[in-house]
2 protein chains.
Amino acid sequence: MKQTTKKEKFFEESLKLIHEKGFKAVTMRDIAQRLDFEPANIYNYIDSKQALLELYLFDISYEFHDSLNNILKSSYSPEEKLKLIISTHIQLTAKKPYKMALLVNEWRNLKEPKLTEFTEGKKVYENKIRDVIAKGIEEGQFRSMDIEIATYSFLSSLRWIYDKYTGSESKINPFELEKQISDFIFTGMGK
Amino acid sequence: MKQTTKKEKFFEESLKLIHEKGFKAVTMRDIAQRLDFEPANIYNYIDSKQALLELYLFDISYEFHDSLNNILKSSYSPEEKLKLIISTHIQLTAKKPYKMALLVNEWRNLKEPKLTEFTEGKKVYENKIRDVIAKGIEEGQFRSMDIEIATYSFLSSLRWIYDKYTGSESKINPFELEKQISDFIFTGMGK
DNA sequence: GTCTATAATTCGATAGAC
DNA sequence: GTCTATCGAATTATAGAC
């Protein structure tokens with residue numbers, strides 16, 4: 001059986017609280033209350049509120065960059081690469097939905113220099129996706145379209161997915177979700 | 001010529017500031033500084049910081065509901081209705097990008113009872129879109145697919161667009177954007 | 001309407017005993 | 001590691017003179 005230490009519980013519950021109320025809205029007192037101890041105890045686990053946010057964001061951010069880089073290093077075609085990106089994105093989101101939610105909604109609350117570090121990484125990530133799409137259009141695997149808008153559309157199709165794995169509702173099968181999203185991105189809603 | 005009163009300037013600059021830094025992060029001092037007067041003066045124009053957020057959100061929210069309802073009352077087919085929704089959504093976003101950004105990112109900062117009022121309206125809006133999609137699948141205009149995921153995908157394809165009209169870059173032609181987004185939603189990226 | 005001054009509260013973080 | 005107590009800073013909002 002998996003042991004849940006008090007420290008693990010702290011990071012787990014803090015993450016959920018930040019997702020629920022937003023980073024700025026959550027107070028150290030909120031966190032302490034949820035864990036049923038005093039605010040001062042929080043500083044046994046983390047140096048500051050900012051450090052907590054940085055920890056969550058750069059952890060999940062690293063995983064996304066890492067998995068993207070592995071896909072890009074392969075010899076798959078652009079279309080196959082995009083499908084792999086969709087697949088790993090959904091798998092990762094299903095595994096860590098709360099961190100993914102923070103990645104989407106809370107990165108603005110980082111402070112310099114971490115904020116710049118993060119946004120630079122974000123740009124790099126998006127440009128890599130953009131390059132795959134551009135290559136796919138060039139090679140005739142995708143239809144001709146505005147590359148920038150295609151990139152935004154592609155990314156926005158994946159960005160909301162955490163919502164299916166936070167809430168208390170029954171979680172959708174990631175493989176079924178992958179099929180649905182993949183079909184939407186490649187063939188759209190029309191017949 | 002259009003007259004810009006100090007009051008108009010206040011609402012305009014406050015809106016941009018809230019978009020840039022986030023509602024919780026913006027202080028009354030920030031707003032006063034941007035407008036080059038003292039924090040106390042803000043209360044000549046608005047009762048509280050919360051009231052400011054409510055004003056922006058319910059203003060743009062009403063416009064979206066109103067235009068959606070007009071489209072739904074028409075005798076157009078589901079596919080034509082979705083195209084009109086895309087069209088009016090982009091037009092409205094191009095006209096009021098900063099309020100649209102708040103609609104997407106800041107509604108969580110509403111307090112009860114306004115928060116519930118807002119989220120109920122959001123649900124109603126999304127369910128109406130969902131019904132159009134369901135009808136379109138039923139009538140065979142759209143391919144068979146998971147209705148809930150289709151609805152999320154459709155909405156997420158429109159949600160990021162404010163980003164093209166805030167920033168300082170050259171604004172994209174709304175009609176061109178409409179064509180690109182519409183093609184993505186109905187035919188996807190594939191050939 | 002604009003200012004100075006400040007009330008009232010809240011928050012992140014620390015000190016220090018046990 | 002957990003507590004009590006509290007500091008120091010920041011914030012919304014108000015009072016009241018001009």
Side-chain angles (χ1 to χ4, degrees), chain A residues 2-58 102 105-115 118, chain B residues 2-58 102 105-115 118:
Chain A
K2 194 194 160 193
Q3 186 82 9
T4 304
T5 68
K6 202 151 192 176
K7 186 169 181 172
E8 285 168 348
K9 199 88 184 158
F10 161 74
F11 285 110
E12 200 177 302
E13 292 300 321
S14 298
L15 174 59
K16 287 185 185 175
L17 251 181
I18 292 173
H19 165 62
E20 287 165 20
K21 303 185 63 173
F23 177 73
K24 283 266 183 188
V26 170
T27 68
M28 298 308 232
R29 286 166 178 80
D30 289 333
I31 295 173
Q33 190 172 30
R34 166 97 60 143
L35 293 162
D36 205 32
F37 59 35
E38 298 305 312
N41 295 12
I42 292 171
Y43 297 91
N44 293 329
Y45 305 127
I46 195 83
D47 285 339
S48 71
K49 200 183 168 191
Q50 282 296 324
L52 196 57
L53 181 63
E54 292 164 11
L55 190 77
Y56 294 135
L57 288 183
F58 284 96
L102 261 54
N105 298 312
E106 304 294 344
W107 61 266
R108 291 161 189 270
N109 293 309
L110 288 171
K111 286 184 181 172
E112 297 296 358
K114 294 287 181 183
L115 178 59
F118 182 88
Chain B
K2 194 190 161 197
Q3 186 81 9
T4 303
T5 68
K6 202 151 191 176
K7 186 169 181 172
E8 284 168 348
K9 199 88 186 161
F10 162 74
F11 284 110
E12 201 178 300
E13 292 299 323
S14 298
L15 173 59
K16 288 185 183 175
L17 211 47
I18 292 173
H19 165 63
E20 288 164 21
K21 302 185 62 172
F23 177 73
K24 283 267 182 186
V26 170
T27 68
M28 297 309 228
R29 285 170 177 76
D30 290 334
I31 296 173
Q33 191 173 30
R34 167 99 70 156
L35 293 162
D36 205 34
F37 60 36
E38 298 305 312
N41 294 12
I42 293 171
Y43 298 90
N44 292 330
Y45 305 126
I46 195 82
D47 284 342
S48 70
K49 199 183 166 189
Q50 282 296 322
L52 195 57
L53 182 63
E54 291 164 11
L55 189 78
Y56 293 135
L57 288 183
F58 284 97
L102 260 55
N105 298 313
E106 304 294 343
W107 61 266
R108 292 161 189 270
N109 293 308
L110 287 171
K111 287 184 180 172
E112 297 296 358
K114 294 287 179 181
L115 179 59
F118 182 89

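What's counted below: heavy atoms across the whole structure, side chains too, no hydrogens, waters or symmetry copies. Keep in mind that this is a model prediction, so the values were computed, not measured. Throughout, a chain's letter reflects where its sequence line sits, starting with A, and its residues are numbered from 1.
Heavy-atom neighbours of A:Q33 CD from other residues, nucleotides or ligands within 6.0 Å: at or below the threshold of 12.
Set against C:dG12, C:dA5, C:dT2, the side chain of B:A40 has C:dA5 as its closest nucleotide. Among the nucleotides C:dT4, C:dA13, C:dG1, the one closest to any side-chain atom of B:E38 is C:dT4. Listed nucleotides C:dG12, C:dT2, D:dT2 differ in distance to B:N44; the shortest reach to its side chain belongs to C:dT2. Comparing atom distances between the A:N41 side chain and each of C:dC3, D:dC3, D:dT12 picks out D:dC3 as nearest.
Going from atom NZ of B:K9 over to atom C1' of C:dG1 covers 19 Å, rounded to whole Å. One interatomic measurement links the two molecules: CZ of B:F10 to C1' of C:dG1, which rounds to 14 Å at whole-angstrom precision. Rounded to whole angstrom, the span from the CD1 atom of A:I42 across to the P atom of D:dC3 amounts to 11 Å. Atoms CD (B:Q50) and P (D:dA13) sit 8 Å apart, rounded to a whole Å. Nucleotide D:dT12 holds its P atom 11 Å from the NZ atom of A:K24, rounded to whole Å. Rounded to whole Å, atom P of C:dG12 lies 12 Å from atom CG of A:N109. As a whole-Å value, the separation of A:Q33 CD from C:dC11 P is 11 Å. A straight line from NZ of B:K7 to P of C:dG1 spans 8 Å, rounded to a whole angstrom.
For A:K6, a side-chain nitrogen or oxygen approaches OP1 or OP2 of D:dT2 to under 4.0 Å. OP1 or OP2 of C:dG16 has not a single side-chain nitrogen or oxygen of A:Y43 nearer than 4.0 Å.
Heavy atoms of A:Y45 sit under 4.0 angstrom from primed sugar atoms or phosphate atoms, though from no base atom.
For the pair A:F37 and A:R29, both in contact range of DNA chain D, the more 5′-proximal nearest nucleotide belongs to A:F37.
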Would A:Y43 and A:M28 count as a side chain to side chain contact (heavy atoms under 4.5 Å, CB included) if you check the C-alpha gap in whole Å, the side-chain angles of each, and the deciding distance to 0.1 Å? CA-CA 10 Å; A:Y43 297 91; A:M28 298 308 232; 3.4 Å; yes

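Of the candidates B:I31, B:L57, B:I42, B:D47, B:L52 forms a side-chain contact (heavy atoms from CB on, under 4.5 Å) with just one, namely B:I31.
Judged by distance alone, the side chain of A:K49 and the main-chain N or O of A:V26 form a donor-acceptor pair under 3.5 Å.
B:Y56 and B:F11 have perpendicular rings, their planes meeting at more than 60° on a 0 to 90° scale where under 30° would count as parallel.
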